Enquirer: 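Have a look at this one.
Computed from heavy atoms alone, side chains included, the values below leave out hydrogens, waters and symmetry copies. Here the structure is a predicted model, which means the values were calculated and not measured.
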Amino acid sequence: MTAPSRVVLSLRGATKTYGHGTGRVTALANVTVDIEEGRFTAIMGPSGSGKSTLMNLAAGLDDPTSGEVWLAGHGLHLLDEEARTVLRRTHVGFVFQAFNLVPTLTAMENVLLPLALAGRRLTREDDLRVDRLLGELGLDERRHHRPGELSGGQQQRVAIARALAGTPSVVIADEPTGNLDTRSSREVLGLLGSAVESYGQTIVMVSHDPVAASRADRILMITDGRIVGDHPRCTPEEIASLLIELEVGAA
Amino acid sequence: MKTPAVLGSVRQFSTISVVAGISGVYAGFLVTCSAVFAASSTASGTAAVAAILPVVAAVFILIATYVTAVVIVNCIDTVLAGMLHRIALLRLLGGSARSLRSSVARRTTLLATAGAIGGVLVGALAGDVLRIVLVDQGQLTRTADYPWLTWWLVAPVLVSTATTYLAGRIGTGRVLRVAPATAMLGASADPREDHGPAARRRGSWALIGTGALLLVAAMWIGEVGGTALGFLVAFVGAATMSTGLLTGARLVIPAVVAGLGRILGSSPPSLVARRNAVKNPLRTTRSTMGLVVGVTLVTTFACGMDALRRSVDSWETSPAQRQQALSLLSTMTTVLVAVIVVSAVIASVGFVSTMSLTVIERGHEIGLLRALGFTRSQVRRMIVLESAALACSAAGLGIALGLFFGSAGAQSLVGFQTPGFVWGLPALVLAAVASGAVVLVLVASTGPARRAVDVTPVEALRT
Ligand SMILES: Nc1ncnc2c1ncn2[C@@H]1O[C@H](COP(=O)(O)OP(=O)(O)OP(=O)(O)O)[C@@H](O)[C@H]1O
Ligand SMILES: [Mg+2]
């Protein structure tokens, strides 16, 4: 069985628990959700609600305790570690909150790493795309610098260039702007947004920021490991009030 | 805070006890042996020969102590670099850099002293056992008054304590000078390339150049009819060049490792491996310097002796004389190599420990690499390659230097008696060094590699 064609990522009754006995935590409880191709999805929710857990399962970085995850037509539960790694490097691009880059590689080498890992000979198109990406990200001058020589915002932009360079099926971004000031985070969000608009890139992003989430086509609200809201594009004000409702509901 | 928090667990610093212990066994054994031979020769009236033994023993013990000190400095520095966040937190909470430093120095000195005392006692006992066996076989006189333990055994313990204290000061220096804020930002503690002051750099190159010239001169003196002069010049040349190489090690070793690393290729695992091998030039230097010293000494002796053997082979002497000379050379080679190889063993322990600590320190990076698509076997290969780039550079550099020193020494001694240039190629010892390097690479990398891939990427990313 394969998932329907337009759906890139699909969780079926995914549950994740940590620990045993009284110390048992249910980080994700029976979550079923489909992520469609070419859309920008934001995931929001209070701290500890299970957003990162959801992202890790979706990317095959971690196994669900029960339930299934389907990525680009492959059931992750059917694959061994090796096959899953290969699937990850062909179909997933990552942006984490911080420490995204390999410290000993230059910005350029970091960007090209997923392509090198996939064993792809760089075509002219790849070259042009990477060049254009770095240009758009304002990193032309920085391509031979090590991460330690870049500012936090520059590092995140390099991470985004890397995530987009290999045209993965889905980009998974866990609080990509969490460590950035307002201006840098607007830039970073602009980049993600235009990747969706111009190239039909699929992106799933965790964020606490209503302005960031207002760029998304779809907003998933998550509390205590459950999806409690699924909204189409909203204004920052609408998102803020949704978040407040969530807190009031929880109290 | 009244009692300063101690940084680094006893387990993390256990390498210090181990290397101090090995060094102690070695010192205890050599000291006891020289005492035994001194007693024996006093009894049989050949005191003159025995007089140089303690000097030779002292030189070997000091070499081992030096290698041990380098290992200890590196161990402390690496352990502390892996806990920058805790250091920064303690500093923010008001711990002074000085109290943190002395608490670390005190703990490591204690560990080293305990190791050294235990080691010296074991070594002395081994010396006593050897003496009993030799007396029993009639190779040593029965009539001498042999001591079980001599007061001289205290000396290596004191030297070890003093050097460890010094090593503790040096090892803690760089990391504890980091400002609290820098560490909290999570910036890496790895310095930009630091070649030391320019004057020192020039000094090192001058020593290396002068030493090499002296060695060439010694070879020439040896060819045109040398006396003791040739060998003396060779000795001074080798000593000068070694001093230059030791003071300038952080210029030479990272360059060699970087050069060798290029051979590894540019696949992602090789690329990351060779970058990591020279990421922190000072650490690269310290973790391989002892190996270079050990391999150089072993190769120098083996090569020198092999060159002399070839030379003896070409002399016009009676078969009996030749046989006697060759057997003497072979015994001397065995003894010298056995005595000097301990430095290489101590350095190897340090190398294994540094590899393990640095891989643990890179937990997050390895998690990231796996998230990005490094398979388990690529992560393993990356760690093995890094270990190989370091160990093979050290072995290669040591062999090259050893062949140069050894051949130069032999040529300076007997060049005029032998047609052509006297050179030595101790095949057996070189093969042993090469296989030792391979074993070291595997030992140093299998544990860290297994631990690195045993955790899931998510667990690794949390570190
Ligand atoms: N390795 C783990 N062991 C035990 N509990 C864990 C582990 N990882 C996550 N949890 C728990 O699972 C729950 C969800 O964690 P998760 O990291 O997914 O939250 P989050 O929504 O990403 O929070 P934040 O916004 O703070 O990043 C939390 O209660 C957390 O304590
Ligand atoms: Mg999170």
Enquirer: To the closest 0.5 Å, what do you measure between OG1 (Thr104(A)) and CD (Glu386(B))?
Expert: 9.0 Å
Enquirer: Taking atom CZ of Arg451(B) as the centre, does the number of heavy atoms from other residues, nucleotides or ligands within less than 6.0 Å exceed 12?
Expert: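 Above 12, so yes.
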Enquirer: So do Arg146(A) and Arg275(B) actually touch side chain to side chain, heavy atoms under 4.5 Å?
Expert: yes
Enquirer: Could you list the residues that satisfy side-chain hydrogen bond (donor to acceptor under 3.5 Å, both in side chains) with Thr354(B), not counting sequence neighbours?
Expert: Asn74(B)
Enquirer: I need the residue from Val86(A), Leu105(A), Asp63(A), Leu112(A) with the largest number of non-hydrogen atom pairs under 4.5 Å to chain B.
Expert: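 Of the candidates given, the most pairs with chain B belong to Leu105(A).
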Enquirer: Identify, with sequence neighbours excluded, every residue that meets side-chain hydrogen bond (donor to acceptor under 3.5 Å, both in side chains) alongside Ser169(A).
Expert: His91(A)
Enquirer: Could you please state which residues from residues 367-377 of chain B sit under 4.5 angstrom from chain A, measuring non-hydrogen atom to non-hydrogen atom, sorted by number, or 'none'?
Expert: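 Near chain A, by residue number: Leu368(B), Leu369(B), Arg370(B), Ala371(B), Leu372(B), Gly373(B), Phe374(B), Thr375(B), Arg376(B).
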Enquirer: Could you tell me which portion of Leu87(A) (side chain, backbone, both or neither) has an atom closer than 4.5 angstrom to a non-hydrogen atom of chain B?
Expert: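 Leu87(A) has no heavy atom closer than 4.5 Å to chain B.
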Enquirer: Quick check on Arg262(B): does its CZ atom have over 12 non-hydrogen neighbours (other residues, nucleotides or ligands) under 6.0 Å away?
Expert: no
Enquirer: Relative to chain B, which segment of Asp62(A) carries a heavy atom at a distance below 4.5 Å: side chain, backbone, both, or neither?
Expert: both
Enquirer: Calculate, to the nearest 0.5 Å, the distance between atoms NE2 and CG belonging to His364(B) and Asn100(A) respectively.
Expert: 7.5 Å
Enquirer: Please report the C-alpha distance between Leu461(B) and Leu61(A) in whole Å, then the side-chain angles of each, then the deciding distance to 0.1 Å, and finally whether the side chain to side chain contact (heavy atoms under 4.5 Å, CB included) criterion is met.
Expert: CA-CA 10 Å; Leu461(B) 279 166; Leu61(A) 284 179; 4.3 Å; yes
Enquirer: Pairs in or reaching into residues 145-174 of chain A: which pass ring-ring contact (aromatic ring centres under 6.0 Å, His included), with residues at least two apart or in two chains?
Expert: none
Enquirer: Which atoms of Arg162(A) come close to chain B, meaning under 4.5 Å heavy atom to heavy atom: side chain ones, backbone ones, both, or neither?
Expert: side chain
Enquirer: About how many Å separate CD of Gln378(B) and CG of Leu117(A), when rounded to the nearest 0.5 Å?
Expert: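 If we round to the nearest 0.5 Å, Leu117(A):CG and Gln378(B):CD are 5.5 Å apart.
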Enquirer: Pick whichever of Pro269(B), Pro268(B), Pro457(B) has the most heavy-atom pairs under 4.5 Å with chain A.
Expert: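 Of the options given, most contacts go to Pro268(B).
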